[in-house]
Protein chains: 2
Amino acid sequence: MAANSRLTVAVHVLTWMALVKGRGRDVVTSDQIADSVNTNPVVIRRSLGELRKAGLVEALHGAGAGWRLLHEADAITLLDVYRAVETEPLFALHRAEPNQKCPIGAGIRPALEEVYDGAEAAVRSTLGGTSIADVLRGTLAGRAG
Amino acid sequence: MAANSRLTVAVHVLTWMALVKGRGRDVVTSDQIADSVNTNPVVIRRSLGELRKAGLVEALHGAGAGWRLLHEADAITLLDVYRAVETEPLFALHRAEPNQKCPIGAGIRPALEEVYDGAEAAVRSTLGGTSIADVLRGTLAGRAG
DNA sequence: CGGCGATGTAACTATTTCAGTTACGACACC
DNA sequence: GGTGTCGTAACTGAAATAGTTACATCGCCG
């Protein structure tokens, strides 16, 4: 389970919500989404909870409860989703502190961090160039849109 | 993301080898490298084994055995290292196949793959722009070079 | 006001991965 | 043949993921 599928699940959730919203249904339940993603509703609610904290969706309570998109599909980029669900950096540094008595051990971490920051910036830039609307179009067309 | 430190360890290994090679010692043992990385020699040998398969280092046997860089430090990019040690994609797709009866479930995976491929290409491009010599300079200077 | 349907979360489990460790055979030089 | 190192298998502990059960909570509706 090297890489996690949180970004995939969250994008799937939002893309599905965008699709059914286009069909006139703008409040949906975690059970309905779970049926499309093919997983447990709790997994979906966990994902929606992160998206809610990021201000991308809202939860409604009481009768007719469920979830609603807070922005248009073309105003949500995959970078927004990435920021909402991904906490860890792309590449981890040493698990244990390297030998500080060695010039490499003492100085390599900031050097690596600079390179890793550049790689993450490149990823964010790529994700920022694709919206949920793009994914929806690509999904229905068989391409990324 | 359960990010691993394989890239970090492998870059550390090569950077250290480049440093000591500059000091005239071009055959080193996994024990010596492990002392700088602050880990077990077997972890280093596993990393070196992947770098050997990638053609970046060679192993010597018999008396005076050890490892040797096969290229100059400025001819090895972090992309070469990334390719050598990283097998999994940056982002995982669904763990279980999504619902094929749903238009999103049926079509989202190729759409996502296209975006993910773009992100990976961006990472590779960034890593390709930095060499072990750059990391060595940055490590000794307190920057990435 | 009580029932209902959904959210929100805690708690537990199975699976997987990572990295550290021990152990030992293989190898090539002396 | 002895020695030092590689090369790798096997095991362990720790952590993360995602799936699951369970249940308190919330707010409308009859």
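Every chain is numbered from 1, with letters handed out A, B, ... down the list of sequences.
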Given B:Asp80, B:Val11, B:Leu79, the one that forms side chain to side chain contact (heavy atoms under 4.5 Å, CB included) with B:Leu127: B:Leu79

- request: Please confirm whether the backbone N or O of A:Ala111 pairs with a side-chain atom of A:Glu114, one donor and one acceptor, at under 3.5 Å?
  value: no

query: Between the main-chain N or O of B:Gly55 and the side-chain N or O of B:His71, is there a donor-acceptor pair closer than 3.5 Å?
result: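 Yes.
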
Basic-acidic side-chain contact under 4.0 Å: [X], [Y]:
{"X": "A:Lys21", "Y": "A:Asp26", "value": "no"}
{"X": "B:Arg124", "Y": "B:Glu120", "value": "yes"}
{"X": "A:Arg46", "Y": "A:Glu50", "value": "no"}

Considering only heavy atoms, which members of [range] lie under 4.0 Å from some atom of DNA chain C?
{"range": "residues 39-59 of chain B", "value": "B:Thr39, B:Asn40, B:Val42, B:Val43, B:Arg45, B:Arg46"}
{"range": "residues 5-26 of chain B", "value": "B:Ser5, B:Arg6"}
{"range": "residues 30-38 of chain A", "value": "A:Ser30"}

message: Please verify the inter-ring angle class for A:Phe91 with A:Tyr116; under 30° counts as parallel, over 60° as perpendicular, anything in between as tilted.
response: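 Judged by the thresholds at 30° and 60°, the geometry between A:Phe91 and A:Tyr116 is tilted.
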
- prompt: Do any side-chain nitrogens or oxygens of A:His61 fall under 4.0 Å of OP1 or OP2 in C:dG8?
  reply: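 For A:His61, the contact criterion (side-chain N or O under 4.0 Å from OP1 or OP2 of C:dG8) is met.
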
query: Phosphate oxygens OP1/OP2 of C:dA19: is one of them under 4.0 Å from a side-chain N or O of A:His94?
result: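 It does not, given that no N or O in the side chain of A:His94 lies less than 4.0 Å from OP1 or OP2 of C:dA19.
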
field: Length of the line joining A:Asn4:CG and D:dG19:C1', which is rounded to integer Å
entry: 15 Å

field: Side-chain donor-acceptor pair present, A:Asn38, B:Gln100, cut-off under 3.5 Å
entry: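 Judged by distance alone, the side chains do not pair up.
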
- prompt: Going by atom types only, do B:Ser30 and B:Arg45 share a side-chain donor-acceptor pair under 3.5 Å?
  reply: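 There is such a pair between these side chains.
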
Straight-line distance of B:Thr15 OG1 to B:Arg137 CZ, nearest 0.5 Å: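 Rounded to the nearest 0.5 Å, the OG1-CZ separation comes to 11.5 Å.
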
message: Can you tell me how far apart SG (A:Cys102) and NE2 (B:His12) are? Round to the nearest 0.5 Å.
response: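 That separation rounds to 5.5 Å.
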
query: If you find the nucleotide of DNA chain C closest to B:Glu86 and the one closest to A:Gly64, which residue's nucleotide is nearer the 5' end?
result: A:Gly64

query: In terms of the nearest nucleotide of DNA chain D, which residue is placed more toward the 5' end: B:Ala65 or B:Ala96?
result: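 By nearest-heavy-atom nucleotide position, the 5'-most residue is B:Ala65.
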
